[in-house]
Amino acid sequence: MSISLRHPTKRVCERCGRTERWDGTTESWQVDDDAVGSIYCIHEWDINGSFVPFEGHL
């Protein structure tokens, strides 16, 4: 049984266009400099049911 849990490495807000990338060193989301978006936005991330967090076989 070899199953690993994946997480998204990039996310984009569907409302304001803010783009963030996952930083494995700090284990947190970091804002991309070119797409800050709105600081007042309640972000709606583009991660939905099409993303499969598990990979591998049981």
Side-chain angles (χ1 to χ4, degrees):
M1 295 192 326
S2 176
I3 297 177
S4 60
L5 178 63
R6 304 182 312 124
H7 57 81
T9 56
K10 184 177 181 180
R11 63 186 185 182
V12 178
C13 177
E14 295 179 343
R15 294 181 182 193
C16 71
R18 178 186 182 111
T19 303
E20 296 182 351
R21 61 178 164 66
W22 181 256
D23 185 345
T25 305
T26 61
E27 296 187 355
S28 64
W29 290 100
Q30 301 295 316
V31 178
D32 283 344
D33 295 330
D34 58 339
V36 175
S38 171
I39 60 171
Y40 301 108
C41 182
I42 298 173
H43 301 297
E44 182 70 32
W45 301 114
D46 65 338
I47 300 166
N48 56 33
S50 66
F51 178 78
V52 181
F54 298 99
E55 63 183 0
H57 301 286
L58 292 173

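All heavy atoms count here, side chains included; hydrogens, waters and symmetry mates do not.
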First locate atom CZ of R11, then atom NE2 of H43, and finally report the distance between them rounded to the nearest 0.5 Å.
8.0 Å
CH2 (W45) and NZ (K10) are apart, to the nearest 0.5 Å, by 11.5 Å
Applying side chain to side chain contact (heavy atoms under 4.5 Å, CB included), can you list everything that pairs with R21, at least two apart in sequence or on another chain?
D23, Q30, D32
Cluster membership besides Y40, Ile/Leu/Val/Met/Phe/Trp/Tyr side chains within less than 4.5 angstrom, sorted by chain and number, is I39
Measure the spacing between CD1 of I42 and SG of C16 and express it to the nearest 0.5 Å.
11.0 Å
Of all heavy-atom pairs between R15 and C41, which one has the smallest distance, and what is that distance?
CB-SG, 3.7 Å
Residues in ring pair (Phe, Tyr, Trp, His ring centres under 6.0 Å) with W22, at least two apart?
H7, W29
